[in-house]
Amino acid sequence: MKKLFPALFIVMIFVGTACKKTKIDLDNLSGIWVEKTLRLDTLDFDRQHQAGLSLPSVYLRSRPYNDPALNPNYPINHSNIYQYYFSGDTMHLRSFVSSSSLYVPFHCELVAGAGAIRIAKFYNRQSLPSVIEFQKIN
């Protein structure tokens, strides 16, 4: 048992240093980001001034698609404006058109050197994975 504690201590130090996350720098977010899997949706962090919102906001432009199982008569469109803030590795989002004033947390990480950001799936496009990766295009 006495030999177990030093080994656990060493493992905890190794895990603590190996799991350092890249802090999200808000200056690096400006621009347009395209979703990498399907390349149909974009995030526009530069439209916050056009929306007239006091908090930072991001505009999700989503290409409409037909899904007969969900809505046979009209295409589904997830385009929306979200207000956001960061807390550690979490991006808190609130839909501009929602009646709720609560921010919903989503895990988020900046991929260093790749010009990409990974965000837990925050809108319901069926064919996307549970973690969506966006790549900066300008």
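Counting from 1, the numbers follow the sequence of the chain as shown. Values in this document were obtained by computation on a predicted structure and should not be read as measured data.
Side-chain contacts under 4.5 Å among hydrophobic residues (ILVMFWY), followed directly or transitively, place I32 together with V34, I137. When hydrophobic residues (I, L, V, M, F, W, Y) are linked wherever their side-chain heavy atoms come within less than 4.5 Å, Y74 remains an isolated member.
Of the options R61, H78, R125, a side-chain hydrogen bond (donor to acceptor under 3.5 Å, both in side chains) to D41 is made by R125 and by none of the others.
Between H92 and Y85, the ring planes are parallel. Angles under 30° get that label, and only those over 60° would be called perpendicular.
Judged by distance alone, with hydrogens and angles left aside, the side-chain atoms of K121 form no donor-acceptor pair with the main-chain N or O of I132 at under 3.5 Å.
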**Study point:** Residues S62, L40; criterion side chain to side chain contact (heavy atoms under 4.5 Å, CB included); working and verdict
**Key:** CA-CA 6 Å; S62 176; L40 298 176; over 6 Å; no

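Heavy-atom minimum distance, A116 versus L110: O-CD1, 3.5 Å. Between Y65 and N124, the shortest heavy-atom contact is OH-O, 3.5 Å.
Using a 4.5 Å heavy-atom cutoff, the side chains of Y123 and Y82 are in contact. Put simply, the side chain of R39 does not reach to within 4.5 Å of the side chain of T37, judged on heavy atoms. Put simply, the side chain of E35 does not reach to within 4.5 Å of the side chain of R63, judged on heavy atoms. For the pair F86 and L29, the minimum side-chain heavy-atom distance is below 4.5 Å. The side-chain heavy atoms of I76 and N66, taken from C-beta on, include no pair separated by under 4.5 Å. No side-chain heavy atom of T42 sits less than 4.5 Å from a side-chain heavy atom of L60. Inter-residue side-chain proximity for L43 and I119 is flagged as met; some heavy-atom pair is nearer than 4.5 Å. For the pair I117 and C108, the minimum side-chain heavy-atom distance is below 4.5 Å.
Note: Y103 OH to R94 CZ = 5.0 Å, rounded to the nearest 0.5 Å. Here the straight-line distance linking atom CG of N80 with atom OG of S57 works out to 10.5 Å at 0.5 Å rounding. In this structure, F96 CZ and Q83 CD are separated by 7.0 Å, a value rounded to the nearest 0.5 Å.
A distance of 6.0 Å or more separates the ring centres of F122 and Y84.
Under the side-chain contact (heavy atoms from CB on, under 4.5 Å) criterion, R118 pairs with E109, V111, V131, E133, sequence neighbours left out.
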